[in-house]
Undergrad: 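Quick one: this structure, given as C-alpha cells, is what I'll be asking you about.
Reminder, nothing fancy here: chain letters follow the sequence lines and each chain counts from 1. Side chains included, hydrogens not; waters and symmetry mates left out as well; all remaining heavy atoms used.
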Amino acid sequence: MSTILDYLGSDHRVCDNLFAASEEAVSKRNWEGASKLFGQFHHAMERHFAMEEQVLFPSFEAKTGNSLGPTRIMRAEHEQMRLLMQEMESAVSSHDGSIFLGMSETLNMLMQQHNLKEENMLYPMSDRALATERETLLRDMDTIDK
Amino acid sequence: MNSQPGLSFEQAPPFHQPLRFFLTAPLFLLVAGVLLAMESGGLNSRWSAGALALTHALTLGFLAMVMLGALMQILPVVAGSTLPASRTVAMVSHAALTLGTTFLMTGFLRSSPVALGSGIVLLLTGFMVFIAAATISLMRVAGSDTVRGMRHALASLALTVLLGGLLALIRAGWENPPMIEGASTAHAGFGLLGWILLLVAGVAYQVVPMFQITPPYPLLLRRWLTGVLFVLLLLRALVPLHAAPAVFVIDACLAAGMLMFAFVTLRLQSQRRRKLPDITLDYWRTGMTSLIACVAVWLPAQCWPAWAKSDARPLLLGVLFLYGFAASVVTGMLYKIVPFLAWFHLQAQHQAKAGTIPNMKQMITERKMRLQFRVHLAALLLLVAAVAWPNVLHIHAGIAVALSSLLLLSNMFAALRLYLKHGGRMS
C-alpha cells in the first residue's frame, strides 16, 4: 500500500517536470507549446492543492485538533503560489518571456521549499497520525478531478 | 502540534536576522582583497601573519558569516525547527563574529596578544551561543540525511573553534605545548573538511535537486558520506602525524570522499530538468571543479617530496578550497536566498499581488550577477597564479577579490533597496 508521502511526494515530481517543460518552452519562445505545457502544469498544481486542501488537511486538522499549525502555513503558501501562477499565465498570453521567467524562478524557490517542508515533515506526520484511515484518504484524493 | 518536538513549522525568521550576516560577509572579503593588494606576505608562506589574517577573513568573516545566517533560514525548512531565542542568538553571534574576526586579524597582523585574546573570547562566545542554539534545535528533530550532515558540521565547528582558541593562545605567548603541529592540522581539517564541506554536502542534498530540478543524490551517499568523513577526521586528529602510512590511508579516503561528492554533484547537475542559464549553477560548478582540483594538487605530494615540502602547496590548496570551492558555493547560495527572501517577506507583509512587487530576477538582475561571477572567476585564476608569482601578482589578485566583493555587496544592496522601496519592513 502506498503512503501519503509516496503518493503526494511523487505528485510533486509530476508537477516539477511539467514546470521545467513549460519554462523551457518559454525560454525558447515556443509560445504555443508554452501555453499548452503551462496549462497542464497549472492544472496539475491546482489538483495537488485540492487533494491537500479538501482531503488531507481537514483530516489532519480533525485528527490533531490543530488548524493553526503546519496546515495554515501550507495553505498560505498555496495562495502565494496561486498568485504567481496567475501572473505567469498572463505572461504566457502576452508572450512576455522575461516576466514569466522571473516569476517562474520565484515560484520554483517557493514551491521547492514548500515541498521540502511537506516531504520532510507534514507527510510523514500525516502518515503516522492518519494511519488507520490512510487507504480511504488516498482513494478520496485519487478521485479529485484529473 | 507544538507539543510534538521538531514539528513547529514556524515561519522563517524576520528578514533582518539573516540579512545582517549576508551584508557583513562581503566586507571581510573586501578587507582580504585590500590586504592582499597591499602586501605579498599573505602568499609567501601559510604561517605568515598576512596569510593567517587573510585565511581567517575568508573563513570566519565571509564563509562562517554567511553560513550561520543561512542556517538560521534553512533550519525551519529542512528540519522544521527554528533556533531557540533566534533574535538574541542572531544578535550575539553576529556581533561576536564581526568583532571577534576583526580583533583576531588585528592580532595576527600586529602580533598583539591583547587583540588575539579579545578575538578568541569574542569568537568562542559567539560560536558557542550559536552552536548551543543550533544543537538544541537539531536535537528536537528526527535525523534526516541533511540533519545528520548539519550535526556533523556543527560538531566539527565546535572542535575547530576550540582548537583555534588553543592555537591563538599559544600565538599570544602561552607556553608552547608539544602537540602544536597536530593541533593546527586538526584545526584546519575540522574547519575545512568538517564544518565547511560537511555542511555544504548536507545542504546540497536538499538544494541541488531543488534549484535545478535534478534527480536526488544516491541514497547510500546521502546516508553515509558525512558520517564517514567525520569519523575519518576524528581518526586523522588522533593518529600521530609521524605514522605516515596511516595518515596517507586516511587522507586518501578523505580525498576519495571529496571526489565522490564533487563528481556526483556535477553529474546530477548535468541531468537537470531546468536548462536555463543560472548563476548559482555556474557558481556550484566552479566550486565542484575547484574541489576536484584540490585533490589533484594534494595527490602528487604523496610521491614527490619536493612538492610536499613546498610553501606553495598548502597555499594553493587554501586558495582552491576556500576561494574556489567554498566562496563560490556560498556566493551561489546568496544569489538564491537573498532575492527570494526579499520577495517572500515583501509578499507576506503586504499580501501583494505577484505583479505589483519585483520578482526574484528583478531583485538582482542576471546581468549584474553575471558580471560579478566573471570578476570572481578572474580573481580565482589570479589567486592561483599569484601563489606561483606572489610578488608580481598579489596586487592584481587583491584588486580582483576586492572588486568582486564590492560587486557582490552592491548586488545585495540592489535587492535591499527594492525591498525598502516597495515598503518592506525590517522587523
Undergrad: Can you measure from OG (S144(B)) to CE (M121(A)) and round to the nearest 0.5 angstrom?
TA: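 Between atom OG of S144(B) and atom CE of M121(A) there are 8.5 Å.
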
Undergrad: Among G102(A), A20(A), P124(A), single out the residue with the greatest number of heavy-atom pairs under 4.5 Å to chain B.
TA: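 That would be G102(A).
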
Undergrad: Between L116(A) and Q206(B), is there a side-chain heavy-atom distance shorter than 4.5 Å?
TA: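 Q206(B) vs L116(A): side chains touch.
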
Undergrad: Is chain B contacted by the side chain of D16(A), its backbone, both, or neither, given a heavy-atom distance below 4.5 Å?
TA: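 Backbone plus side chain of D16(A), per the 4.5 Å heavy-atom cut-off to chain B.
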
Undergrad: Do the non-hydrogen side-chain atoms of M88(A) and N359(B) ever get within less than 4.5 Å of each other?
TA: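 Heavy-atom side-chain distance check fails, nothing below 4.5 Å.
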
Undergrad: Need one label for N115(A): side chain, backbone, both or neither, based on atoms under 4.5 Å from any heavy atom in chain B.
TA: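 For N115(A), neither part sits under 4.5 Å from chain B.
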
Undergrad: Assess whether atom CZ of R82(A) is packed by more than 12 heavy atoms of other residues, nucleotides or ligands within 6.0 Å.
TA: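 Atom CZ in R82(A) is crowded, with more than 12 foreign heavy atoms closer than 6.0 Å.
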
Undergrad: Please assess R274(B) against E105(A) for the test side chain to side chain contact (heavy atoms under 4.5 Å, CB included), listing each intermediate value before the final yes or no.
TA: CA-CA 10 Å; R274(B) 295 183 84 200; E105(A) 172 73 359; 3.1 Å; yes

Undergrad: Between R13(A) and I213(B), is there a side-chain heavy-atom distance shorter than 4.5 Å?
TA: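 With C-beta onward as the side chain, the pair stays apart.
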
Undergrad: Looking at I74(B), L276(B), V77(B), which has the largest count of heavy-atom pairs under 4.5 Å with chain A?
TA: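 Looking at each of I74(B), L276(B), V77(B) in turn, V77(B) comes out on top.
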
Undergrad: Report which part of L110(A) has an atom under 4.5 Å of a heavy atom belonging to chain B: side chain, backbone, both, or neither.
TA: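 Its backbone and side chain both get close to chain B.
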
Undergrad: Might you confirm whether atom NZ of K275(B) has over 12 heavy atoms from other residues, nucleotides or ligands at distances under 6.0 Å?
TA: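 For K275(B), atom NZ is crowded (more than 12 foreign heavy atoms under 6.0 Å).
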
Undergrad: Check whether T106(A) reaches the backbone of M360(B) with its side chain - one donor and one acceptor, N or O, closer than 3.5 Å.
TA: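 Yes, T106(A) side chain to M360(B) backbone: donor-acceptor pair under 3.5 Å.
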
Undergrad: Just jot down the side-chain contact (heavy atoms from CB on, under 4.5 Å) partners of T280(B), sequence neighbours excluded, or say none.
TA: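 Residues passing side-chain contact (heavy atoms from CB on, under 4.5 Å) with T280(B): F211(B), D278(B), W284(B), Y335(B), K336(B).
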
Undergrad: Less than 4.5 Å apart, any side-chain heavy atom of L101(A) and any of K361(B)?
TA: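 Side-chain contact under 4.5 Å: yes.
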
Undergrad: Within the structure provided, determine whether Q113(A) and F340(B) are in side-chain contact (heavy-atom separation under 4.5 Å).
TA: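 Result yes, sub-4.5 Å side-chain heavy-atom pair found.
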
Undergrad: Any chance CD of Q271(B) has more than 12 other-residue heavy atoms, nucleotides or ligands included, within less than 6.0 Å?
TA: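 Atom CD in Q271(B) is packed in, count exceeds 12.
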
